[in-house]
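Worksheet: one structure, shown below.
Bear in mind that the values here come from a model prediction, so they are computed numbers and not experimental data. Numbering starts at 1 and runs along the sequence shown. All values below come from the heavy atoms of this structure, side chains included, with hydrogens, waters and symmetry mates left out.
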Amino acid sequence: MESILILGQQRTGSNLLCYALSFFKNYRNINEFYSVDTDAFIYKVFFQEDERTQLFNTYETKDWKVLLEKIHQDPMQALDNLNSLIKNQSKVVKLLDHQFQRNDKLYSLIDKFDKVIITERSNTLDQYVSLEIAEQTKVWLGQNTDDAKITLDINEYQKFCKNKDMYYEHLKSKLKGKNYITINYEQELSTGITDSLLSKLQQFLNNSPEIIMKDKNRIKKQSTIDCIDKIDNYNEIKQFLE
């Protein structure tokens with residue numbers, strides 16, 4: 001069994017990529033095992049009831065927020081617990097920038113994974129607007145957000161651009177000598193799960209695992225509108241975006 005670690009930022013197609021990897025036989029999508037989201041218990045989606053019960057028993061708690069906190073505090077031990085839990089399956093786990101910001105010990109996990117995939121998005125403005133709308137609406141997956149708009153704070157956007165560049169530069173420095181590929185949102189994920197995406201992933205994985213076809217349209221784009229049309233003060237700040 002091999003393990004796959006997905007690294008990137010929010011709104012770069014990481015959920016879709018995790019789902020695409022679950023198309024391969026014996027590859028188990030764990031997604032954000034190291035979630036810091038205290039608004040939702042993501043494990044309900046990715047773990048069966050008996051597995052969740054085992055996790056609660058391992059960490060001696062019945063409170064899922066406490067469980068998330070304990071897993072995040074000691075990432076290496078949590079990885080050992082995860083391996084014991086899912087046993088003979090190749091795990092697919094993702095870590096995003098905001099999780100590293102909360103606990104930089106998570107970087108130590110990189111050496112524990114056989115292969116790494118980085119997700120990135122070329123259009124930073126599109127990414128930022130999508131992130132702001134998700135945080136504003138609390139809609140991260142599934143629902144259409146065409147009607148949502150934001151007022152863009154140009155200083156916050158420029159700060160995001162700077163932090164994005166620094167994050168990916170630091171990330172790639174941590175990956176020197178590591179077997180990894182980069183998946184670009186616009187080029188390979190924006191149109192959904194395609195045969196070319198599955199083929200690229202299959203070549204990257206060991207032994208060209210068998211593909212088990214699932215619903216390719218399970219995860220859809222949340223918005224079909226140009227990001228410029230979702231910025232209600234675009235005319236005021238467009239000069240700062242050029």
Side-chain angles (χ1 to χ4, degrees), residues 1-35 42-43 45-48 51 55 71 75-76 78-97 99-100 106-122 141 167-168 170-221:
M1 297 297 104
E2 67 178 354
S3 53
I4 309 297
L5 181 62
I6 295 175
L7 302 172
Q9 289 185 309
Q10 293 170 294
R11 318 316 282 173
T12 58
S14 59
N15 279 326
L16 180 65
L17 181 58
C18 282
Y19 181 53
L21 285 162
S22 74
F23 278 45
F24 297 102
K25 187 175 181 179
N26 290 328
Y27 280 79
R28 172 78 177 272
N29 178 15
I30 304 299
N31 204 285
E32 290 188 61
F33 181 61
Y34 295 94
S35 172
I42 195 170
Y43 293 178
V45 179
F46 300 104
F47 291 92
Q48 298 172 3
E51 293 173 331
L55 274 175
I71 285 175
M76 299 296 276
L79 185 62
D80 288 342
N81 293 337
L82 176 62
N83 290 335
S84 297
L85 184 67
I86 67 171
K87 295 184 171 41
N88 297 323
Q89 297 178 79
S90 297
K91 57 190 174 296
V92 178
V93 177
K94 78 171 181 177
L95 289 172
L96 301 177
D97 57 334
Q99 294 161 344
F100 287 117
L106 289 169
Y107 281 111
S108 63
L109 292 169
I110 290 176
D111 290 334
K112 294 295 183 178
F113 283 78
D114 304 300
K115 295 192 174 182
V116 177
I117 302 176
I118 296 177
T119 59
E120 64 177 12
R121 192 163 183 164
S122 301
L141 193 67
Y167 169 68
Y168 279 102
H170 181 64
L171 198 59
K172 290 178 180 179
S173 72
K174 293 283 187 181
L175 290 170
K176 285 184 178 178
K178 197 76 180 173
N179 187 7
Y180 78 92
I181 58 171
T182 299
I183 298 290
N184 181 273
Y185 175 82
E186 286 84 358
Q187 295 176 12
E188 297 166 295
L189 295 174
S190 61
T191 55
I193 297 176
T194 62
D195 290 340
S196 61
L197 172 64
L198 291 175
S199 177
K200 179 173 181 176
L201 294 174
Q202 188 177 40
Q203 291 176 25
F204 179 64
L205 301 176
N206 283 338
N207 304 317
S208 298
E210 176 187 348
I211 295 176
I212 303 171
M213 294 309 298
K214 299 183 179 182
D215 179 8
K216 289 185 177 182
N217 298 314
R218 180 179 174 186
I219 299 179
K220 301 177 181 178
K221 281 179 68 71

Flag the pair [X] / [Y] as yes when at least one side-chain heavy-atom distance between them is below 4.5 Å, and no otherwise.
{"X": "Y180", "Y": "I117", "answer": "no"}
{"X": "T12", "Y": "E120", "answer": "no"}
{"X": "I30", "Y": "Q89", "answer": "no"}
{"X": "L109", "Y": "V93", "answer": "no"}

Could you tell me whether a side-chain N or O of S84 sits under 3.5 Å from a main-chain N or O of D80, the two making a donor and an acceptor?
yes
Partner residues of [X] under the ring-ring contact (aromatic ring centres under 6.0 Å, His included) criterion, sequence neighbours left out:
{"X": "F204", "answer": "none"}
{"X": "F46", "answer": "none"}
{"X": "F23", "answer": "Y19"}
{"X": "Y168", "answer": "none"}

Looking at [atom1] of [X] and [atom2] of [Y], how far apart are the two atoms once the value is rounded to the nearest 0.5 Å?
{"X": "L21", "Y": "I4", "atom1": "CG", "atom2": "CD1", "value": "6.5 Å"}
{"X": "I118", "Y": "L17", "atom1": "CD1", "atom2": "CG", "value": "11.5 Å"}
{"X": "K178", "Y": "L7", "atom1": "NZ", "atom2": "CG", "value": "10.0 Å"}
{"X": "N29", "Y": "N15", "atom1": "CG", "atom2": "CG", "value": "8.0 Å"}
{"X": "L201", "Y": "Q203", "atom1": "CG", "atom2": "CD", "value": "9.5 Å"}
{"X": "I211", "Y": "F24", "atom1": "CD1", "atom2": "CZ", "value": "4.5 Å"}

Taking the six-membered ring where the residue is Trp, are the ring centres of H170 and Y107 under 6.0 Å apart?
yes
Side chain to side chain contact (heavy atoms under 4.5 Å, CB included) against [X], all qualifying residues, sequence neighbours excluded:
{"X": "S208", "result": "Q202"}
{"X": "Q48", "result": "D50, E51"}
{"X": "D97", "result": "Q9, Q101, Y167"}

Does the side chain to side chain contact (heavy atoms under 4.5 Å, CB included) test come out yes or no for L82 and Y34, once each step is laid out?
CA-CA 11 Å; L82 176 62; Y34 295 94; 5.9 Å; no
Pair up each side-chain donor or acceptor in residues 182-193 with any protein partner under 3.5 Å, not counting sequence neighbours, and list the distances.
residue: N184; atom: OD1; partner: E186; partner atom: N; Å: 3.1
residue: N184; atom: OD1; partner: Q187; partner atom: N; Å: 3.0
residue: N184; atom: ND2; partner: S122; partner atom: OG; Å: 2.9
residue: Y185; atom: OH; partner: K221; partner atom: NZ; Å: 3.2
residue: E186; atom: OE1; partner: S122; partner atom: N; Å: 2.8
residue: E186; atom: OE2; partner: S122; partner atom: N; Å: 3.4
residue: E186; atom: OE2; partner: N123; partner atom: N; Å: 2.9
residue: E188; atom: OE1; partner: N184; partner atom: N; Å: 2.9
residue: E188; atom: OE2; partner: K200; partner atom: NZ; Å: 2.7
residue: S190; atom: OG; partner: E186; partner atom: O; Å: 3.0

Of all pairs that satisfy salt bridge (Lys or Arg N to Asp or Glu O under 4.0 Å), the ones with a partner from residues 10-20, not counting sequence neighbours
none
Does K172 have any side-chain hydrogen bond (donor to acceptor under 3.5 Å, both in side chains) partners at least two apart in sequence or in another chain, and if so, which?
none
Going by the rule side-chain hydrogen bond (donor to acceptor under 3.5 Å, both in side chains), which residues pair with E32 if we only count those two or more places apart in sequence or in a different chain?
Q99
Suppose we screen for salt bridge (Lys or Arg N to Asp or Glu O under 4.0 Å). Which residues come up paired with D195, at least two apart in sequence or across chains?
K216
Correct closest heavy-atom pair for K112 and S3 would be O-OG, 3.7 Å
All heavy atoms of F33 vs all of A78, minimum pair found to be CE2-O, 3.6 Å
State whether the number of non-hydrogen atoms from other residues, nucleotides or ligands found under 6.0 Å of K214 atom NZ is greater than 12.
yes
Go through it in stages, so that I can follow the logic: the residues are N31 and V45, the test is side chain to side chain contact (heavy atoms under 4.5 Å, CB included), and I'd like the CA-CA distance, side-chain angles, deciding distance and then a yes or no.
CA-CA 9 Å; N31 204 285; V45 179; over 6 Å; no
